[in-house]
Trainee: 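Supplied in structure tokens, the structure appears directly below.
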Amino acid sequence: MRREFVPDPGASRAEMEAQQRDIAAAATFIDDFEFDSDAVGSDTGPLVAGVDQAFLDDRAVSAVVVTRGDSVVERAHAVSPLSIPYIPGLLSFREGNPILAAFEELSTEPDCVLFDGSGRIHFRQAGLATHIGVVLDVPSVGVAKNLLCGAPEASTEGLAAGERVGIDADEDVDAPAGTRIGYAVQTKQYESPNRHVNPLYVSPGHRVSAETAADWTLATAAGYKLPEPTRLADAHAADVKRTIDT
DNA sequence: GCGACAG
DNA sequence: ATCTTGTCGC
């Protein structure tokens, strides 16, 4: 892994932002992997890992769940102290090391990883998924429930399951205006107009294009809003948390 | 001062 | 993210 990019929570804000620019420069936002992208989500496809966290006071419970189609290949977790608060734009400096600790407990080598947060949809194009994806040099995708920055090319309301709307760079993003940095992806939707589900905001982490990131999210979603690897990681983190109590 | 943004 | 009962809708 790229040790020089491991997040340092003790760095100054300026240093953190400078490192994010270096990470964005080291990241690749085009497809760069060996496995068959169309097989993602199938039982004969690549190993897809999901990462999520739960919190207790100033500690983080990080969980990683590796899947292949409908089966769980391995689950791992780590409980780590949190040194800095949540700051929009600097999330990887708070949760990065706890996540890396969980990966150290993992014996499987996932082919790609889905993170809970943004990737390229970030002020300096270096969100959590991009940062950790570069450190581990693994194809990664950022799956967020809310939009950090960027502009949807069209309305993201009332989308049907399977649909997507492009998210482009705006003045808040360190990229040429109009650069496609991700997609609003509707993994689930109700038929009746009474109840509705908001889309997910998907962006490339590392070694994947925005289109492919959206494809994988839809391919691994199984009837729920969150893709399966992420749902399983969320559940695992919650399980570990309740085991620890307070 | 105003605006405002993942988890 | 987390604190939390009931409640609306399928």
Side-chain angles (χ1 to χ4, degrees), chain A residues 7 9 13 16-17 20 23-24 27 50-64 77 79-100 102 113-133 140-152 156 161 167-175 181-185 188-206 210 213 217 223-227 230-231 233-242 244-246:
Chain A
R13 177 163 192 146
M16 292 179 179
E17 297 184 348
Q20 291 183 321
I23 287 166
V51 178
D52 196 21
Q53 294 166 299
F55 302 86
L56 332 64
D57 294 317
D58 57 345
R59 284 180 298 171
V61 175
S62 308
V64 183
H77 78 273
V79 179
S80 336
L82 290 165
S83 39
I84 61 173
Y86 163 68
I87 300 171
L90 300 178
L91 183 64
S92 63
F93 289 89
R94 169 181 167 80
E95 309 184 346
N97 287 301
I99 288 173
L100 290 172
V113 184
L114 268 38
F115 289 91
D116 63 312
S118 290
R120 194 181 188 183
I121 292 180
H122 179 274
F123 310 120
R124 291 164 293 281
Q125 305 187 82
L128 178 69
T130 298
H131 198 149
I132 307 306
S140 63
V141 173
V143 179
K145 301 180 197 65
N146 292 291
L147 190 59
L148 213 206
C149 57
T156 58
I167 301 296
D168 298 330
D170 59 10
E171 44 288 336
D172 292 335
V173 183
D174 201 337
I181 57 176
Y183 281 97
V185 178
K188 173 188 175 71
Q189 190 54 281
Y190 291 112
E191 293 301 326
S192 61
N194 305 315
R195 207 173 181 68
H196 67 81
V197 180
N198 291 140
L200 247 23
Y201 296 94
V202 181
S203 57
H206 180 43
T217 299
Y224 294 90
K225 175 172 177 171
L226 294 177
T230 302
R231 281 189 65 237
D234 179 89
H236 191 229
D239 284 349
V240 173
K241 176 181 176 178
R242 54 177 312 216
I244 297 175
D245 291 327
T246 175

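Every chain is numbered from 1, with letters handed out A, B, ... down the list of sequences.
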Trainee: State which residues pass side chain to side chain donor-acceptor pair (under 3.5 Å) with A:Ser92; sequence neighbours excluded, sorted by chain then number.
Mentor: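 Counting only residues at least two positions away or on another chain, A:Ser92 forms a side chain to side chain donor-acceptor pair (under 3.5 Å) with A:His131.
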Trainee: Would you compute the distance between atom CD1 of A:Ile132 and atom CG of A:Asn97 and round it to the nearest 0.5 angstrom?
Mentor: 7.5 Å
Trainee: Looking at every strand, decide which applies to A:Leu128 at a 4.0 Å heavy-atom threshold: base, sugar-phosphate, or nothing.
Mentor: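 Base, at least one base heavy atom under 4.0 Å.
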Trainee: So which atom in A:Gly205 and which in A:Ala27 form the shortest heavy-atom distance, rounded to 0.1 Å?
Mentor: O-CB, 4.4 Å
Trainee: Can you tell me which stems DNA chain B forms, taking runs of 3 or more consecutive Watson-Crick or G-U pairs with both distances under 3.5 Å?
Mentor: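 In DNA chain B, stems of three or more pairs: none.
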Trainee: Under 3.5 Å, is there a donor-acceptor pair between the side chain of A:Lys225 and the main chain of A:Asn198?
Mentor: yes
Trainee: Under the salt bridge (charged side-chain N to carboxylate O under 4.0 Å, His left out) definition, can you give me all pairs with a residue in residues 121-130 of chain A, not counting sequence neighbours?
Mentor: A:Glu17-A:Arg124
Trainee: Could I get the full list of side chain to side chain donor-acceptor pair (under 3.5 Å) partners for A:Ser62, not counting sequence neighbours?
Mentor: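 A:Ser62 satisfies side chain to side chain donor-acceptor pair (under 3.5 Å) with A:Gln53 once adjacent residues are dropped.
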Trainee: Holding to side-chain contact (heavy atoms from CB on, under 4.5 Å), I want the full list of residues that pass it with A:His236, two or more places apart in sequence or in another chain.
Mentor: A:Ala63, A:Val65, A:Arg75, A:His77, A:Val240
Trainee: Among residues at least two apart in sequence or on other chains, which ones pass side chain to side chain donor-acceptor pair (under 3.5 Å) with A:Tyr183?
Mentor: A:Arg180, A:Glu211
Trainee: Indicate, with a heavy-atom threshold strictly under 4.0 Å, whether A:Leu90 touches base, sugar-phosphate, or nothing.
Mentor: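 Result for A:Leu90 = base.
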Trainee: Which residues pass the side-chain contact (heavy atoms from CB on, under 4.5 Å) test with A:Ser118, sequence neighbours left out?
Mentor: A:Ile121, A:Ala144, A:Leu148, A:Ser203
Trainee: What is the first contacted nucleotide of DNA chain B and what is the last, in 5' to 3' order, if contact means an atom lying under 4.0 angstrom from a heavy atom of chain A?
Mentor: B:dC5 to B:dG7
Trainee: Once rounded to the nearest 0.5 Å, what's the spacing between atom CG of A:Asp174 and atom CZ of A:Phe123?
Mentor: 11.5 Å
Trainee: Determine whether a donor-acceptor pair (N or O, by modelled atom type, separation under 3.5 Å) exists between the side chain of A:Gln20 and the backbone of A:Gln125.
Mentor: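 No, the answer is negative, given that no donor and acceptor are paired below the 3.5 Å cut-off.
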Trainee: Taking only residues two or more places apart in sequence, or in another chain, which ones meet A:Arg195 in a side-chain contact (heavy atoms from CB on, under 4.5 Å)?
Mentor: A:Tyr190
Trainee: Taking only residues two or more places apart in sequence or in another chain, which ones pass side-chain contact (heavy atoms from CB on, under 4.5 Å) with A:Ile84?
Mentor: A:Pro9, A:Met16, A:Phe93, A:Arg94
Trainee: Where does DNA chain C pair, written as one dot-bracket string 5' to 3', with Watson-Crick or G-U pairs under 3.5 Å, ( ) inside the strand, [ ] for crossing pairs and | for another strand?
Mentor: ..........
Trainee: Spell out protein contact along nucleotides 2-10 of chain C as letters: B when the base is contacted, S when just the sugar-phosphate is, - when no protein heavy atom is under 4.0 Å; keep the 5' to 3' order.
Mentor: S-----B-S
